[in-house]
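Scroll down for the structure; my scribbles are underneath it.
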Amino acid sequence: MLYCLIISCDLKDCSMNNMMDNVSYPMLLTLMVPKETKSYKHVYFICFLALYLFILIINIRLFMVIIMEKALHEPMYMFLCQVCINGVFGASGFYPKILSDLILDSYVISFHMCALQAYVIYSSLLSDITILTVMAYDRYVAICKPLDYHSKLTKNTCVKFILFSWIVPNCFCITAALFSNLRPICKYHIDKLYCDNWSIVKLSCVSSFVNGVFGYAITVTFFSFIVFIIVSYFKLISACKASLESRRKFWQTCLPHILSLINFTFAILFDVMYSRYGANDIPESLRNFLALELVIVPPVFNPLIYGLNIRAVRKRVFPSCVAASENVLKRVKT
């Protein structure tokens with residue numbers, strides 16, 4: 001009798017442990033299923049596929065032109081290559097998954113792939129803000145201290161800046177991923193079209209105090225980068241007042257940085273509003289817009305902003321557009 005009781009207790013413990021394992025570490029997570037996709041699944045698939053192909057083509061085209069053209073082997077364009085790489089890297093973390101979800105009608109993802117997707121998307125975005133900080137310093141030296149430009153922005157310095165723009169964001173993202181993935185999980189649904197770190201944190205059964213503190217530390221760090229960029233632009237504007245040539249250089253080379261910063265800031269703001277403060281009473285279409293703005297707008301508009309605004313790049317990336325505009329100007333003059 002005692003033996004039977006011991007066996008039964010052991011079986012109960014084993015079953016309880018198995019239940020706890022299943023509850024704590026679910027193999028699969030479910031993602032949001034947009035209601036509109038039931039009727040317009042193929043339309044959404046074509047749109048997302050076109051966006052992904054456009055991101056790949058425009059970023060790779062810009063990257064290859066800068067690499068192939070010796071005239072563009074300058075620090076500013078080398079940093080622009082980093083922006084293009086980040087655009088392709090971040091987009092590849094989102095678009096293949098959403099395309100497979102649309103075509104297979106299966107909005108599920110494994111826990112580890114969910115963590116990987118969150119890491120890819122957010123490490124790319126944090127690398128963007130870091131490289132924008134480096135580019136702001138580059139423009140500050142080029143306009144405010146032109147005689148010191150080549151001594152300060154050497155090849156070794158540029159390599160260090162590029163490594164800095166990769167290492168710092170990745171260290172933050174890897175640490176955040178470890179904090180969120182080494183926690184017991186008791187939920188399995190992410191109310192979003194893709195995975196992000198805060199959504200993974202909210203799946204946990206225990207307190208998210210440590211994750212919240214680390215998240216605020218990341219916010220403060222990268223907000224300080226944004227403050228550095230804004231301060232450098234104010235100094236650039238004040239320095240450009242005295243010279244017409246400096247003003248022309250500022251609007252030609254710094255305007256894309258300003259537009260990229262505004263674009264990135266709004267994208268992050270929308271994502272934070274959605275992830276941390278989103279509510280179910282918000283219309284689903286608005287929630288999807290807030291979620292997708294982060295993964296659509298930066299990789300699409302960053303290469304367009306730089307490629308169309310900087311003449312040295314525009315002449316090589318969009319030669320047909322430049323030729324057409326010059327023909328129009330000639331006709332207007334005649």
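Not measured: the values here are computed from a predicted model.
- Residues N181 and F179 fail the side-chain proximity criterion, which asks for heavy atoms closer than 4.5 Å.
- For N302 (side chain) and P298 (main-chain N/O), a donor-acceptor pair under 3.5 Å exists by modelled atom type.
- Judged by distance alone, the side chain of D148 and the main-chain N or O of S151 form no donor-acceptor pair under 3.5 Å.
- A heavy-atom distance below 4.5 Å is found between the side chains of V227 and V231.
- For Y137 and F161, the distance between ring centers is under 6.0 angstrom.
- The CD1 atom of I60 lies 12.5 Å from the CD1 atom of I67; values are rounded to the nearest 0.5 Å.
- Counting heavy atoms from C-beta on, the side chains of F172 and I167 never come closer than 4.5 Å.
- With a 4.5 Å cut-off on side-chain heavy atoms, L126 and I218 count as touching.
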- Test log, rule side-chain contact (heavy atoms from CB on, under 4.5 Å), inputs Y188 and V108: CA-CA 10 Å; Y188 60 91; V108 296; over 6 Å; no

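- Put simply, I57 and M64 are part of two different groups of oily side chains (I, L, V, M, F, W, Y) that touch within less than 4.5 Å, one to the next.
- Not one N or O on the side chain of H189 forms a donor-acceptor pair closer than 3.5 Å with the backbone of L29.
- Closest of all the heavy-atom pairs between C195 and L31 is SG-CD2, 4.0 Å.
- With rounding to the nearest 0.5 Å, the separation of CG in D138 from CD in E74 is 9.0 Å.
- In this structure, CD1 on I66 lies 4.5 Å from CG on L62, to the nearest 0.5 angstrom.
- Residues P303 and V83 form no side-chain contact, since every pair of their non-hydrogen atoms from C-beta on lies 4.5 Å or further apart.
- Note on F89 and M113: same hydrophobic cluster, where clusters join Ile, Leu, Val, Met, Phe, Trp and Tyr whose side-chain heavy atoms are under 4.5 Å apart, directly or indirectly.
- How far CG of L53 is from CG of L56: 6.5 Å, rounded to the nearest 0.5 Å.
- Y122 and K192 get closest at one heavy-atom pair: OH-NZ, 3.7 Å.
- Across all non-hydrogen atoms, the minimal contact from S232 to A136 is OG-CB, 3.5 Å.
- No donor-acceptor distance shorter than 3.5 angstrom exists from the side chain of N197 to the backbone of S180, with no hydrogens or angles considered.
- Both L104 and L49 belong to a common hydrophobic cluster when Ile, Leu, Val, Met, Phe, Trp and Tyr are linked at side-chain heavy-atom distances under 4.5 angstrom.
- The nearest pair of heavy atoms linking P299 to N59 is O-ND2, 3.2 Å.
- Tested against Q82, the residues L132, I162, T130 include a single side chain to side chain contact (heavy atoms under 4.5 Å, CB included) partner, I162.
- The shortest distance between side-chain heavy atoms of L292 and V295 falls below 4.5 Å.
- Contact of the F45 side chain with the I98 side chain is not registered, since no non-hydrogen atoms from C-beta on lie closer than 4.5 Å.
- Taking OG of S106 as the reference point, atom CG of L28 lies at 8.5 Å (rounded to 0.5 Å).
- Linking ILVMFWY side-chain heavy atoms closer than 4.5 Å, directly or via other members, places V159 and W166 in two distinct hydrophobic clusters.
- Less than 6.0 angstrom separates the ring centroid of F222 from the ring centroid of F225.
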- Task: Begin from the C-alpha positions of W198 and K202 and carry the test side-chain contact (heavy atoms from CB on, under 4.5 Å) through to its verdict.
- Result: CA-CA 6 Å; W198 189 248; K202 289 192 293 186; 3.7 Å; yes

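- Classified by interplanar angle (parallel below 30°, tilted 30° to 60°, perpendicular above 60°), the ring pair Y95/Y52 is parallel.
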- Would C158 and F79 count as a side-chain contact (heavy atoms from CB on, under 4.5 Å) if you check the C-alpha gap in whole Å, the side-chain angles of each, and the deciding distance to 0.1 Å? CA-CA 8 Å; C158 292; F79 300 145; 4.1 Å; yes

- Task: Applying side-chain contact (heavy atoms from CB on, under 4.5 Å), run through F48 and F94 and close with a yes or a no.
- Result: CA-CA 10 Å; F48 279 119; F94 168 73; 4.0 Å; yes

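- Side-chain polar atoms of S199 and Y194 form no donor-acceptor pair below 3.5 angstrom.
- Remark: the N170 side chain and the Y119 side chain contain an N/O donor-acceptor pair separated by less than 3.5 Å.
- For the side chain to side chain contact (heavy atoms under 4.5 Å, CB included) with D128, the qualifying choice from T133, N86, L261 is N86, the only one to do so.
- Between S127 and S165, the shortest heavy-atom distance links the atoms OG-O, 3.2 Å.
- No more than 12 heavy atoms of other residues, nucleotides or ligands shown are found within 6.0 angstrom of CZ on F301.
- At least one donor-acceptor pair under 3.5 Å links the side chain of S92 to the backbone N or O of V88.
- Across every non-hydrogen atom of S204 and P184, the tightest pair is OG-O, 3.0 Å.
- The distance from atom NE2 of H42 to atom CG of L102, rounded to the nearest 0.5 Å, is 9.5 Å.
- Counting heavy atoms of neighbouring residues, nucleotides and ligands inside a 6.0 Å radius, atom NE2 of H150 does not exceed 12 of them.
- Criterion: ILVMFWY side-chain heavy atoms under 4.5 Å apart, direct or through other members. Under it, I131 and I262 are part of a common hydrophobic cluster.
- In this structure the side chain of C47 never reaches within 4.5 angstrom of the side chain of L51, judged on heavy atoms.
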